[in-house]
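Remarks on the structure that follows.
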Amino acid sequence: MSDTPYQPDRIEPKWQARWAERRTNEPDLDRAARPFYNLMMFPYPSAEGLHVGNMFAFTGADVYGRFKRLQGFDVFEPIGFDAFGIHSENYAIKVGVNPAVLIPQNIENFRRQLKRIGGMFDWAHELATTDPAYYKWTQWIFLQFYRAGKAYRKRAPVNWCPSCKTVLANEQVEAGRCERCGAQVEQRFLEQWFFRITEYADRLLADLDDRSKMDWSESTTTAQRNWLGRSEGAEIEFPLATGGAVRVFTTRPDTLFGATFMVLAPEHPLVVEITTPEQRAAVEAYRAQTASKDLIARKVGDRDKTGVFTGAFARNPGTGRMVPVWIADYVLMEYGTGAIMAVPAHDERDYEFARRFDLPIVDAIELEDPADRGSLAGVLINSGEFSGMAASEARGAITRWLEAAGQGQAVVRYRLHDWCVSRQRYWGPPIPIIYCDACGPVPVPEEDLPVQLPLIEDFRPDDSGVSPLARHEEWYYAACPTCGRRGRRETDVSDTFLDSAWYFLRYPSTDFDDRAFDRARTRKWLPVTSYIGGNEHAVLHLLYARYVTMVLHDMGYLHFDEPFRKFRAHGLIVKDGAKMSKSRGNVVVPDEYIARWGADTFRMYLMFLGPFEAGGDFRDDGLSGPRRFLDRLWSLVDQAIREDAAGGEIQHRIVIKWHQTKKKVAHDLETLNYNTAIAALMELLNTMREANCCERRIVEEMIVMIAPFAPHFAEECWERLGHEESVFGACWPAWDERLTVDETVELAVQVNGKTRSKVTVHRNADEATAVAAALEDPVARRFLDGRDVRKTVFVPNRLLNLVVG
RNA sequence: GCCCGGGUGGCGAAACGGCAGACGCAUGGGACUUAAAAUCCCUUGGGGCGCAAGCCCCGUGAGGGUUCGAAUCCCUCCCCGGGCACCA
């Protein structure tokens with residue numbers, strides 16, 4: 001009889017259609033017995049379509065979900081689209097088509113691609129952040145924050161292009177210039193909305209160490225810790241000669257006696273007050289110069305120290321001496337108190353500044369290594385009563401001394417800033433606030449949500465200096481919800497990161513339009529069981545999602561305060577050793593590969609090319625290996641059906657390999673070591689072929705084990721093997737622990753640490769038995785060369801090391 | 001500058017401190033073919049000895065260290081990728 005060849009073109013559409021028809025991938029969200037929420041970071045639907053990096057990430061997450069399903073969990077694997085934001089808006093501006101028209105086309109294309117790779121997505125719960133039914137609730141969340149006092153308005157700098165007369169996002173500033181017109185970008189101050197995330201800094205930090213709440217990749221928690229940037233130190237008052245005082249923050253109170261001058265941020269409010277008349281002109285000029293630099297240039301630009309003396313002096317509370325007060329742009333208003341005590345002897349930046357302006361440098365610590373100015377170690381000198389004390393001890397001692405004198409206190413600072421959620425853009429959810437001349441800012445009543453983003457023809461920013469939304473008068477003017485008089489809508493939209501900070505809460509409840517998340521559904525499915533995504537979101541997205549969850553928990557909406565029980569970051573895919581980019585011309589277009597090889601082979605290859613959490617190198621010539629494997633496995637299924645060899649005697653070594661493989665594949669899937677799981681399956685197949693074995697029990701279990709990687713292939717083989725139900729209704733094969741080990745083992749025999757021979761002994765043979773076997777082995781004897789064995793090192797079932805003199 | 005990853009055959013990569021190079025790609029050779037493709041079998045880290053079975057030496061970015069034993073642990077350094085970046 002002639003066998004059917006493996007034809008992915010035929011079976012992949014067949015199974016995709018059947019999954020949709022039979023709702024194979026839609027768990028019963030209300031009655032699931034063993035819920036498992038398998039989440040992956042939803043994509044931004046670009047015009048280019050899914051790239052190979054997305055495919056890699058989604059496939060890896062899908063493999064895990066399918067594995068959990070085979071282990072008997074009710075897996076909910078939703079997908080959606082993060083479709084608002086600057087990328088879409090810029091692209092829309094470039095091609096001159098409204099994003100509201102473009103985005104649905106892109107989503108349609110993404111949906112097609114996601115179906116094509118065979119993801120186990122529950123399409124019944126798809127969402128898009130641009131859908132009014134979704135952003136209604138994004139706006140609702142904003143209002144909850146506003147009511148709870150967690151959203152507030154403040155003036156904050158933005159990048160301003162004086163030529164285009166518009167606000168620029170950081171991405172639109174290139175080397176200090178507007179990416180469109182090339183004009184020098186400036187800072188402008190606008191009233192913007194902020195979320196008080198800093199209030200939660202200590203909790204966001206503390207949970208990172210709580211394994212019961214967060215099983216996360218170490219690299220990700222480290223990134224968050226650094227971003228939160230906790231530092232312990234002191235605030236110290238330096239009394240001004242003219243009255244009042246400058247408060248500084250320092251992490252090094254032990255260096256107080258070395259503070260020979262002070263520096264304020266140029267925008268520090270005290271500057272105007274303290275500047276002497278002689279210095280006024282210079283100070284004003286410097287302040288103007290700083291303001292003209294854009295936000296990025298100031299931070300990243302050239303680091304030559306600049307600054308101006310204010311003419312004022314303040315008293316160092318340690319030494320009692322008067323020190324000059326300067327302003328300089330290396331001191332940032334948004335950190336600490338916006339002012340520092342400068343200790344040039346023990347801080348690299350202060351040192352540079354002192355050298356540049358010829359300011360005094362006084363050692364406060366005897367350094368062991370004078371080159372290492374910032375060292376925390378050493379003994380205090382020139383420090384009055386503290387001289388002779390270890391620096392580590394002095395940090396607390398000087399702080400306590402200042403506290404007693406009412407001139408300072410211990411404080412903890414974070415580098416985390418409050419979250420600016422305002423965007424002066426078109427393509428986002430309008431912030432649901434109406435400004436009324438009589439009542440001030442008034443929240444839009446919840447029953448009036450969503451505040452729909454109007455479809456306007458001219459969505460581009462123009463030189464009028466106002467948001468495109470403000471030009472749309474019938475939208476812009478709205479009745480004040482409090483007094484009914486004519487008010488103006490907020491024209492800022494909210495940050496895309498707010499959309500993505502809660503989407504996982506929405507998925508299980510997309511079928512409810514009267515609540516953001518249903519209480520029972522949420523209780524059943526959340527927090528998320530497993531979350532997989534890129535480490536590029538290690539800080540912003542993951543931190544904002546944690547924060548929003550915590551706030552909603554504290555308001556009583558959620559029963560948990562950490563959203564992602566387990567998080568794993570996938571690696572990066574490069575092509576032929578280099579990062580993919582259009583300019584290099586090495587971008588992999590996944591559709592072409594899928595068309596040529598089939599989705600299953602493509603998935604297998606992506607999972608095989610390297611460890612999932614490390615990523616790997618995509619090579620065109622790598623796909624043939626996994627494809628050959630599937631072809632051979634297909635033939636083995638044919639053979640199993642043809643010969644119907646079931647229940648017969650199986651060679652012992654095959655039995656061992658079989659059970660070892662089941663154990664290893666399960667373990668490797670759990671730890672996301674997909675590449676070695678596939679290798680183990682290849683080994684088992686090779687063993688079967690060598691022995692010409694097509695035992696049905698083994699073949700069937702191989703099909704179940706390959707199913708997470710090659711779901712269409714597995715379904716088709718499963719059907720051909722006579723099963724009517726989906727292979728995903730099967731159970732993950734159990735293994736017998738006793739059969740994963742052989743009764744005899746090969747022991748490596750080393751002489752003086754070098755492997756020289758092998759001996760076969762019984763499993764768990766003791767040392768005496770092993771030594772006896774080794775001493776009889778001719779090869780080992782040759783190396784012993786008649787010398788006495790002085791010592792032996794024995795590792796049961798592994799090796800024996802004979803040490804001779 | 002700081003913080004994370006990495007550096008192993010021709011290539012992608014394996015390896016609880018215990019036989020380095022599993023698995024795959026690509027080589028080279030052979031079988032089957034009129035032929036090619038596909039398929040199947042064998043070969044393949046480098047160097048050396050041997051007619052042969054086989055044997056020896058070297059080898060995981062560099063240099064030190066710990067250990068009976070190091071790709072793996074420790075120290076110093078070099079290179080690559082990613083992130084943060086004047087955070088007091």
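Between A/R395 and A/E232, none of the side-chain N atoms (NZ, or NE/NH1/NH2) sits under 4.0 Å from a carboxylate O, so this pair counts as no salt bridge.
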5' to 3', nucleotides 1-12 of chain B under a 4.0 Å protein heavy-atom cut-off (B base, S sugar-phosphate only, - none) gives --SS------SB
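Listed pair A/T676 / B/rC23 fails the phosphate criterion, with no side-chain N or O lying under 4.0 Å from OP1 or OP2. OP1 or OP2 of B/rA26 has at least one side-chain nitrogen or oxygen of A/R628 nearer than 4.0 Å. OP1 and OP2 of B/rA88 both lie 4.0 Å or more from every side-chain N or O belonging to A/R413.
A donor and an acceptor atom never sit less than 3.5 Å apart when one is taken from the side chain of A/E536 and the other from the base of B/rG83.
Checked against B/rC19, B/rC25, B/rA88, the side chain of A/S624 finds its nearest nucleotide in B/rC25. Taking the side chain of A/R415 as heavy atoms from C-beta on, and the options B/rG24, B/rA85, B/rC86, the nearest nucleotide is B/rA85. Considering only the side chain of A/P611, B/rA13 comes nearest among B/rA13, B/rC86, B/rG24. Set against B/rG24, B/rG18, B/rA88, the side chain of A/L799 has B/rG18 as its closest nucleotide. The listed nucleotides are B/rA88, B/rC40, B/rG24; the one nearest the side chain of A/M682 is B/rG24.
In terms of heavy atoms, A/D254 sits closest to A/A391 at OD2-CB, 3.5 Å. Residues A/H659 and A/W735 come closest through the heavy atom pair ND1-CA, 3.6 Å.
The glycosidic torsion of B/rG9 lies within 90° of 0, which places this base in the syn conformation.
In this structure, A/D621 reaches the sugar-phosphate backbone alone: every heavy-atom distance under 4.0 Å involves primed, P, OP1 or OP2 atoms, never a base. As judged by a 4.0 angstrom heavy-atom cut-off over every strand, A/R689 is placed among residues touching the sugar-phosphate backbone only.
The salt bridge (charged side-chain N to carboxylate O under 4.0 Å, His left out) test applied to A/D363 returns no partner, not counting sequence neighbours.
At whole-Å resolution of the value, CD in A/Q750 and P in B/rU67 are 17 Å apart.
For the pair A/K305 and A/F357, the cation-pi test (distance below 6.0 Å, angle within 45°) is failed.
Between A/Y593 and A/F618, a ring centre-to-centre spacing shorter than 6.0 Å is recorded.
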What N/O pairs connect the protein and nucleotides 27-31 of chain B at under 3.5 Å? Give each pair on its own line.
none

